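These numbers were taken from a predicted model, which means no experiment stands behind them. Within every chain, numbering begins at 1; the chains are lettered A, B, ... in the order of the sequence lines, protein sequences first and strands thereafter.
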Amino acid sequence: MLQTPSPRLPLSLTKSALFALFALGCSPSAGGPEYLDVRVSAVEDGSTEPQTFCVPVPVMPGGRTSRERSFANAFTTKIDASRDRIIIVFLGILRPELFNADIGAAELADDSYTDSDLRVETPGGRRFTVDIAVGPRGGQCGEPDE
Amino acid sequence: VLFPFGDATGEGNDSFGGRYAWQLPLAIDLGARFLESFYAGAYFGFGFGSTGSDTRLEAACTDDDDDGTNDIVCNVISLRAGISANYSFAPGGRTNPWIGYGFGFESTSATYTDHERNYQEDVTGHGLTLAQLAFGLDIRRAVGVGPFVEVAIGQFNKTTTTIGDQKYSVAVRDRALHAWIMLGLRIVVNP
């Protein structure tokens, strides 16, 4: 049987169709909010490999995600996230009050938050550079770690 | 029909009606009568509906691409189970007014599914039904049929949030009272 190649739309025609869709007030996306992750990563001085800890931010009211993780058996981070508030607490470091974060709805309004290059030190003298970030899911990390 | 009232938690702007819309319920009571006027038994209730009136949730659940496919689906299922007791004022009469009290466990799950972006989130509130107060009127023939009103007052003490294959269970820090108010029709077999 003779097979004919399936017809393909020229690129310009596809673009025109999309433009027409927008002009008619239709969106090619179903919408929905941006799906966000909270990420805390830490690199120990002398190391080049960061450890990253991710937790998704819920979309629905009442949703709460909470995880605790130890970094290099040196200090612990606990993330507690709801759609309106993210609390990040560090345990086992010197002066944790300087690094603990309480990110409110106003700061999450534009779907991103960063606090970079935090220098933390454990009572045992180990030093780390810590980054905190909130951003689109998948852009920063994959599935959250246990 | 089930209507939500009160607050899901006391954690600010977390009303029960914001999370859950009205529901279509089905409830079954199994038990026995004793001392003519009294009934004791177990109840199991199920309700199905949509997510509530919270503005951001409504916006999130709106599929606005007009392609005829519902890519974003939001729904709610509630379950209640426990024990209950009723008192009949005219157990031998054709028309029997009655009152009831019960207590037990409850959970309500709201599920948000975005098929287009492969995202699913389920938030389940677990708690106790502290008082399920009911009154109604049965018209008794071979079976009893009649309207009733039921107010199930409860409190969530735990929330389980599942996103993808990750599950997070946390205790509710600031508890509050909520209620499901049910208006319905009751059918009594072997009244």
Side-chain angles (χ1 to χ4, degrees), chain A residues 17-18 20-39 53-69 78-87 89 102 104-106 108-111 134 136-146, chain B residues 7-9 11-16 18-20 51-57 59-67 69-74 76 108-125 156 158-173:
Chain A
L18 279 174
L21 206 60
F22 279 116
L24 286 169
C26 303
S27 161
S29 163
E34 189 72 72
Y35 305 129
L36 304 176
D37 270 329
V38 190
R39 182 193 69 172
F53 173 29
C54 293
V55 168
V57 180
V59 168
M60 288 196 288
R64 271 180 67 195
T65 51
S66 184
R67 280 280 190 273
E68 194 171 313
R69 174 147 180 211
K78 184 177 181 189
I79 299 176
D80 192 338
S82 68
R83 66 174 191 169
D84 293 319
R85 190 178 184 192
I86 297 166
I87 297 171
V89 175
D102 189 342
L108 293 170
D110 62 355
D111 295 334
V134 180
R137 191 156 200 238
Q140 303 170 319
C141 56
E143 290 299 307
D145 299 329
E146 281 294 336
Chain B
D7 291 318
T9 68
E11 291 167 8
N13 202 24
D14 190 11
S15 74
F16 210 46
R19 286 196 191 187
Y20 316 122
T51 43
S53 60
D54 177 88
T55 312
R56 288 165 61 192
L57 182 59
C61 291
T62 302
D63 181 341
D64 54 9
D65 64 2
D66 299 326
D67 66 355
T69 307
N70 204 10
D71 298 306
I72 298 178
V73 180
C74 293
V76 175
T108 307
S109 291
T111 305
Y112 171 96
T113 307
D114 181 343
H115 294 290
E116 194 177 64
R117 290 190 280 169
N118 196 28
Y119 179 91
Q120 182 162 22
E121 181 176 320
D122 179 281
V123 177
T124 303
F156 287 151
K158 191 177 93 171
T159 299
T160 302
T161 303
T162 306
I163 298 178
D165 58 0
Q166 297 287 316
K167 188 178 274 191
Y168 307 85
S169 286
V170 292
V172 174
R173 288 176 291 213

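Contacts between B:N13 and chain A at a heavy-atom distance below 4.5 Å are absent for every atom of the residue. Heavy atoms of B:A8 lying under 4.5 Å from chain A are absent altogether. Only the backbone of B:T111 comes within contact range of chain A, with at least one heavy atom under 4.5 Å from a heavy atom of that chain. Looking at A:R85, neither its backbone nor its side chain comes within 4.5 Å of chain B, counting heavy atoms on both sides.
Side-chain contact between B:T9 and B:R19 is present, with at least one heavy-atom pair separated by less than 4.5 Å.
For the set B:T159, B:D14, B:D54, the entry with the most heavy-atom pairs within less than 4.5 Å of chain A is B:D54.
Other residues, nucleotides and ligands contribute over 12 non-hydrogen atoms within 6.0 Å of the CG atom of A:D110. Other residues, nucleotides and ligands contribute over 12 non-hydrogen atoms within 6.0 Å of the CG atom of A:D102.
Looking at A:R64, its side chain does come within 3.5 Å of a backbone N or O of B:A171 through a donor-acceptor pair.
Relative ring orientation between B:Y112 and A:Y35 is described as perpendicular, the plane-to-plane angle rising above 60° on a 0-90° scale split at 30° and 60°.
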